[in-house]
2 protein chains.
Amino acid sequence: MDPHLLRTFVTVARLASFSAAARALGYTQSAVSQHVASLELDLGAALLSRRPVAPTAAGERLLEHAGPLLLRLEAARADVVRMAAAPAPGLTLAATPTALGPAVLAALPPNGVTVRVLAREEIPAAVATGGADLGLVAGLAAPSDPLRLPDVAPLTTHGVAEEPVGVLLPAGHPLAGRRGLRLGDLADARWLEAPDAALPLDQLRAANGGGAFRPALRYEGTDLHTLTALAAAGHGLTLLPRSAVGAVPGTVAVPLTAPRVVHRTELLHGGSPGAAAGEIVRKLVGGA
Amino acid sequence: MDPHLLRTFVTVARLASFSAAARALGYTQSAVSQHVASLELDLGAALLSRRPVAPTAAGERLLEHAGPLLLRLEAARADVVRMAAAPAPGLTLAATPTALGPAVLAALPPNGVTVRVLAREEIPAAVATGGADLGLVAGLAAPSDPLRLPDVAPLTTHGVAEEPVGVLLPAGHPLAGRRGLRLGDLADARWLEAPDAALPLDQLRAANGGGAFRPALRYEGTDLHTLTALAAAGHGLTLLPRSAVGAVPGTVAVPLTAPRVVHRTELLHGGSPGAAAGEIVRKLVGGA
DNA sequence: ACGATCGATAAGCTCTGCTGATGGCGATGG
DNA sequence: CCATCGCCATCAGCAGAGCTTATCGATCGT
């Protein structure tokens with residue numbers, strides 16, 4: 001189970017071709033063929049069906065393992081190398097769009113910071129591999145409960161903010177006049193599916209304990225402004241933290257009253273944040 | 001970052017000796033020395049201080065990564081190999097002691113089952129590496145909340161049982177007459193620290209939001225009978241599911257009224273449970 | 001002060017793991 | 001229906017990775 005073999009295996013599976021994988025990895029086709037053969041011999045099972053090239057059941061299973069495994073390996077490597085190398089000058093922060101609330105923005109130093117907006121699942125990977133010094137992930141959770149994050153490496157997490165959530169409705173919506181809304185009442189409404197910008201709909205289903213939450217329009221960007229514009233235009237509802245739905249023209253934000261969930265933001269960092277990163281951690285987390 | 005090198009590195013660090021690690025791994029001392037040197041060259045940092053042999057800061061960090069990494073690798077390997085190999089006849093179940101509640105016991109087939117009681121953290125590893133077909137982990141959680149388990153591999157979890165928890169008190173205890181108890185009122189009592197048999201005390205601290213929960217006696221076994229005997233003898237309190245504290249002579253079980261937590265049992269299994277395992281999963285999980 | 005032990009280093013050998021060439025097989029097109 | 005092309009498997013050959021044996025300097029205990 002040499003990681004090299006694993007890497008060529010996943011490349012072959014992804015490209016569905018031995019030759020293409022060889023080109024991509026800088027090997028000859030022969031070497032790739034031997035890699036896969038050696039893996040199959042080692043595991044005692046066929047991993048790929050040839051002609052056309054497609055993973056077998058065992059191969060599919062190995063693929064599920066291989067991704068996280070290689071990611072963790074890279075993370076471990078990057079983490080240790082980073083300790084030894086000279087600390088890079090700037091400070092990079094990876095965050096989901098709604099994680100950049102007022103509390104976070106106030107804690108940032110005046111200069112030298114790079115902010116990188118990424119999809120939810122990419123944040124732990126970025127922090128673990130050193131692509132970012134700090135990560136900020138937002139999600140829906142019961143009050144004071146931690147978020148569930150994939151653990152690619154031993155990272156430290158701290159809750160930094162909890163905000164009530166509101167439903168963003170176009171101004172003319174029948175429910176726009178309400179004082180509060182229950183999530184269950186909205187299960188059959190049309191929703192915006194914006195997994196990288198807002199909260200993914202399956203988090204809503206989980207919080208509500210089921211429900212349809214039909215996606216009416218899928219938005220794959222990370223831009224909140226576009227998302228609110230889509231909501232204003234009536235393409236669907238979306239759930240956002242209160243601080244983000246303050247004054248969006250053409251919309252009304254109605255607080256969510258049930259279930260009792262909050263928009264929780266968590267800060268994550270590796271074992272030894274640099275000086276600048278440590279400063280921010282202290283500011284955001286407080287005395288903890 | 002060859003896993004072999006990683007393995008020798010952790011062995012050297014564990015044994016604090018190059019020569020001893022060489023003996024343990026079946027290499028010569030020279031080979032071990034070269035392994036470590038090659039790792040250090042690759043990562044560009046000293047990992048071990050020699051004479052005496054102890055990990056450096058970077059080495060400590062690498063050690064944190066190495067354990068889960070090697071475990072995951074072994075899990076991946078075992079998982080794929082298992083798919084190909086002939087299914088073993090029996091069925092092995094790994095469980096924490098309190099996870100074997102009445103609901104679980106009723107679902108077991110009459111014969112061919114091996115039950116193995118393990119510490120909490122070992123269960124996911126056992127299931128992932130094929131040491132067990134199914135795992136049962138019990139822990140404290142808010143009602144209907146999932147437990148937090150370490151993810152060594154892509155495993156599937158299902159909640160199978162939730163029970164109220166009770167505090168086990170010796171018969172003569174001042175609080176033994178109460179109808180219910182609040183966890184906060186017991187923070188300063190003497191507790192049994194039995195991480196492998198009952199719930200670890202830090203879970204109590206987490207559930208209570210702090211508190212001392214001083215360990216008076218530490219019990220490292222997994223035997224519930226011994227644990228209840230210790231509790232009866234007044235060596236400390238312990239928290240157990242109601243079904244486990246029914247009629248322990250010399251003790252009184254008082255329900256816990258606050259915070260609202262339950263003793264939750266979760267079933268976990270790999271991607272493709274065998275026929276017998278699948279049967280149990282269906283019985284325990286129901287229609288889900 | 002001396003012997004024992006430990007880790008680093010050098011030299012040599014073996015076998016892994018790569019390349020380049022060739023062959024079988026299936027798909028495509030005239 | 002056959003020629004051609006592209007794909008993957010296999011073979012032979014070679015460079016180097018990786019192990020062992022041998023030896024040295026340093027450290028510790030007696």
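Chain letters run A, B, ... following the sequence lines, proteins first, then strands; residues in each count from 1.
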Handout entry: A/Asp2 CG to C/dC18 P, straight-line distance once rounded to whole Å
Key = 9 Å
Handout entry: Ionic contact status for A/Asp42 with B/Arg77, cut-off 4.0 Å
Key = yes
Completion exercise
Separation between NE2 (B/His158) and OG1 (B/Thr156), nearest 0.5 Å, reads 5.5 Å
Exercise for the section: For A/Val53, answer base if it contacts any base atom (sugar-phosphate contacts may also be present), sugar-phosphate if it contacts only those atoms, and nothing otherwise; contact means non-hydrogen atoms under 4.0 Å. Expected result: sugar-phosphate
Practice task
Give a yes/no answer on whether the side chain of B/Ser33 brings an N or O atom under 4.0 Å of OP1 or OP2 in C/dG7.
Solution key: no
Exercise for the section: Nearest 0.5 Å please: distance from the CG atom of A/Leu192 over to the CG atom of A/Leu217. Expected result: 6.0 Å
Practice task
Using a 4.0 Å heavy-atom cut-off across all strands, classify B/Ser30 as base, sugar-phosphate, or nothing.
Solution key: base
Exercise for the section: Inspect the contact between B/Glu40 and B/Arg50 and indicate whether a charged nitrogen and a carboxylate oxygen are less than 4.0 angstrom apart. Expected result: yes
Exercise for the section: Would you mind classifying the nucleic acid contact of B/Thr28 as base, sugar-phosphate or nothing, using non-hydrogen atoms under 4.0 angstrom? Expected result: base
Exercise for the section: Can you tell me the distance, in whole Å, between the OH atom of B/Tyr27 and the P atom of D/dT21? Expected result: 14 Å
Problem - Presence of salt bridge, B/Glu220 and B/Arg218, under 4.0 angstrom - result: yes
Handout entry: Interatomic distance, B/Leu25 CG vs D/dG18 P [rounded to whole Å]
Key = 16 Å
Problem - Residue met sooner reading DNA chain C from 5', once A/Gly26 and B/Arg23 are mapped to nucleotides - result: B/Arg23
Show each protein N/O and nucleotides 23-27 of chain D N/O combination with a separation under 3.5 Å, one pair to a line.
none

Problem - DNA chain D contacts among residues 34-48 of chain B, heavy-atom distance under 4.0 Å - result: B/Gln34, B/His35
Practice task
Determine, stepwise, if the pair A/Thr157 / A/Leu267 fulfils side chain to side chain contact (heavy atoms under 4.5 Å, CB included).
Solution key: CA-CA 5 Å; A/Thr157 68; A/Leu267 176 70; over 6 Å; no
Exercise for the section: May I ask you to check whether A/His235 and A/Tyr219 place their ring centers less than 6.0 Å from one another? Expected result: no
Problem - Proximity to the side chain of A/Ser17 - top-ranked nucleotide from C/dT19, D/dC8, C/dG7 - result: D/dC8
Exercise for the section: Consider only side-chain N and O atoms of B/Ser30 and B/Gln34, and report whether a donor and an acceptor are under 3.5 Å apart. Expected result: yes
Practice task
For A/Asp79, check salt bridge (Lys or Arg N to Asp or Glu O under 4.0 Å) against everything at least two apart and list the hits.
Solution key: A/Arg82, B/Arg61
